Amino acid sequence: MTAPFPTPVTDETQRLLSPDELAAALRDIGARRYHNLHPFHRLLHDGKLNKDQVRAWALNRYYYQAMIPIKDAAVLARMEDAGLRRIWRQRIVDHDGDAPGDGGIERWLKLAEGVGFARDYVESTQGILSATRFSVDAYVHFVKERSLLEAIASSLTEMFSPTIISERVAGMLKNYDFITKDTLAYFDKRMTQAPRDADFALDYVQKHATTPELQRQAMAALTFKCNVLWTQLDALYFAYVAPGLIPPDAWTPGTGLVAETATAQAAGTGTLGPHDVPRLPRGVRLRHDAVRNQHVLLAPERTFDLDANAVAVLEVVDGTRSVRDIAGLLAEKFTADRTVIEADILVMLNDLATKRVLER
Ligand SMILES: O=C(O)c1cc(C(=O)O)c2c(n1)C(=O)C(=O)c1cc(C(=O)O)[nH]c1-2
């Protein structure tokens, strides 16, 4: 497939740009085409969407998140240099995590749950707009088919993402009462991951785009990627804003959601407070897996690995002690400030409540 994407002209003379000029040309592409400029994002960040429109965004964007590590594995597979692979593989770890319950995809699922979705529905990817799927899949195909330079250059949209992320998080927290900091936790890590990844990719592109033609290819790859992001928002806008034509089989408001009480928990809206008495629901047990020397919460058909802090808390969750009692016990045990412990364990317990392995 060699169909050209709209390709910016390096300049009339097609001369080789200096590394700084190349970086400036790439930034200029973002300034004109990055998805922060899309009307759907403007509505999202300014609090102009209703809850269902925000849900449509969270659901569709899950497909992008889920495919990113597949895209990165495809890029990795093309790298002949072990040093390069060692650096790139961190991207896969960032999204997949090192263990179940960890990583960016998991955090996106929390975001989707926070706005009311049932996790299984989101993971099934039923209801995702075909246009979302087409455009995300096009990104994966692109990195498989084009040169490594183009594959790496196509990730350079991340140069622009920290700005949009801070704007999005601030705007959504301010403008939507159903959005909490916990729900948007996905973006916390991206604020450091994205600049790290973008710096590396930019450096690679500056070093390897050594002819005007290669520089043109790098710019075209970034343009293509801006279009991958833009078309996803076009699809959302068309289906859920105006004219509001939801395609057959795509998500319709009211479906794929959990009951509102569970939603409140998922959104971390303080269902569990200091005076609540947490307990493990029927069928959920704290166990030590001797083979892996790892404490887990065993739930029907699911297990969750626990870190040492979670184990210390869950060992004293007995269905009679309140969160405040538990914080008091731990404060004594670890000679620490009870109020600090209480704040920390509330976050942890609400997270477990979201996963439905804790109740009050
Ligand atoms: O929230 C955003 O606006 C945004 C933008 C982008 C981007 O610019 O590609 C990414 C992400 N988020 C992101 O979370 C992410 O993991 C990511 C990976 C990549 C990539 O191309 O490899 N882009 C992005």
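Hydrogens, waters and symmetry mates are skipped; everything else that's a heavy atom, side chains included, is used. Order of appearance sets the numbers: ligands from 1, and atoms from 1 within every ligand. Just so it is clear, the structure is predicted and the values come from calculations on it, not from any experiment.
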Pairs of nitrogen or oxygen atoms closer than 3.5 Å, one from [X] and one from ligand 1: do any exist?
X      : answer
His41  : no
Tyr34  : yes
Tyr186 : yes
Asp72  : no

Is it the side chain, the backbone, both or neither of Asp197 that has a heavy atom closer than 4.0 Å to ligand 1? neither
Would you mind telling me if ligand 1 is within reach of the side chain of Thr157, the backbone, both or neither, using heavy atoms under 4.0 Å?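 It is both backbone and side chain that touch ligand 1.
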List the closest protein heavy-atom neighbour of [atom]: residue, atom name, distance to the nearest 0.1 Å.
atom                    : value
atom 3 (O) of ligand 1  : His35 NE2, 2.8 Å
atom 17 (C) of ligand 1 : Arg190 NH2, 3.7 Å
atom 18 (C) of ligand 1 : Ile68 CD1, 3.6 Å
atom 23 (N) of ligand 1 : Tyr64 OH, 3.1 Å
atom 22 (O) of ligand 1 : Lys71 NZ, 2.7 Å
atom 1 (O) of ligand 1  : Arg168 NH1, 2.7 Å
atom 12 (N) of ligand 1 : Arg61 NH2, 2.9 Å
atom 16 (O) of ligand 1 : His95 CE1, 2.8 Å

Once rounded to the nearest 0.5 Å, what's the spacing between atom CZ of Arg168 and atom CD1 of Ile164?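 So the gap between those two atoms works out to 4.5 Å.
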Please check if the side chain of Gln53 supplies one atom and the backbone of Asn50 the other of a donor-acceptor pair under 3.5 Å.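 Side chain of Gln53 to backbone of Asn50: a pair is present.
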For the aromatic rings, using the six-membered ring if either is Trp, is the centroid distance between [X] and [Y] under 6.0 Å?
X      : Y      : value
Trp230 : His35  : no
Trp108 : Tyr62  : no
Trp251 : Phe117 : yes

Ligand-side contact atoms (ligand 1) for residue partner Ile164, heavy atom cut-off under 4.0 Å: 3 (O)
With a 4.0 Å cut-off on heavy atoms, is Phe160 touching ligand 1?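 Outside the 4.0 Å threshold, so no.
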Please state whether the rings of Tyr176 and Phe178 are parallel, tilted or perpendicular, taking 30° and 60° as the class boundaries. tilted
Which atom pairs, donor and acceptor, lie under 3.5 Å between side-chain atoms of residues 130-138 and protein residues at least two apart or in another chain?
residue	atom	partner	partner atom	Å
Thr132	OG1	Asn60	OD1	2.8
Arg133	NH2	Thr125	O	2.7
Arg133	NH2	Thr125	OG1	3.4
Ser135	OG	Val228	O	3.1
Ser135	OG	Thr231	OG1	3.4
Asp137	OD1	Tyr63	OH	2.6

Looking at Arg292 and Asp289, is there a salt bridge between them, counting it only when a charged N and a carboxylate O are closer than 4.0 Å?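 So Asp289 pairs with Arg292 through a salt bridge.
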Taking the six-membered ring of Trp88 as reference, does the NZ or CZ atom of Arg91 fall below 6.0 Å from its centre and within a 45° cone about the axis?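 Yes; both conditions hold, so Arg91 lies above the ring face of Trp88.
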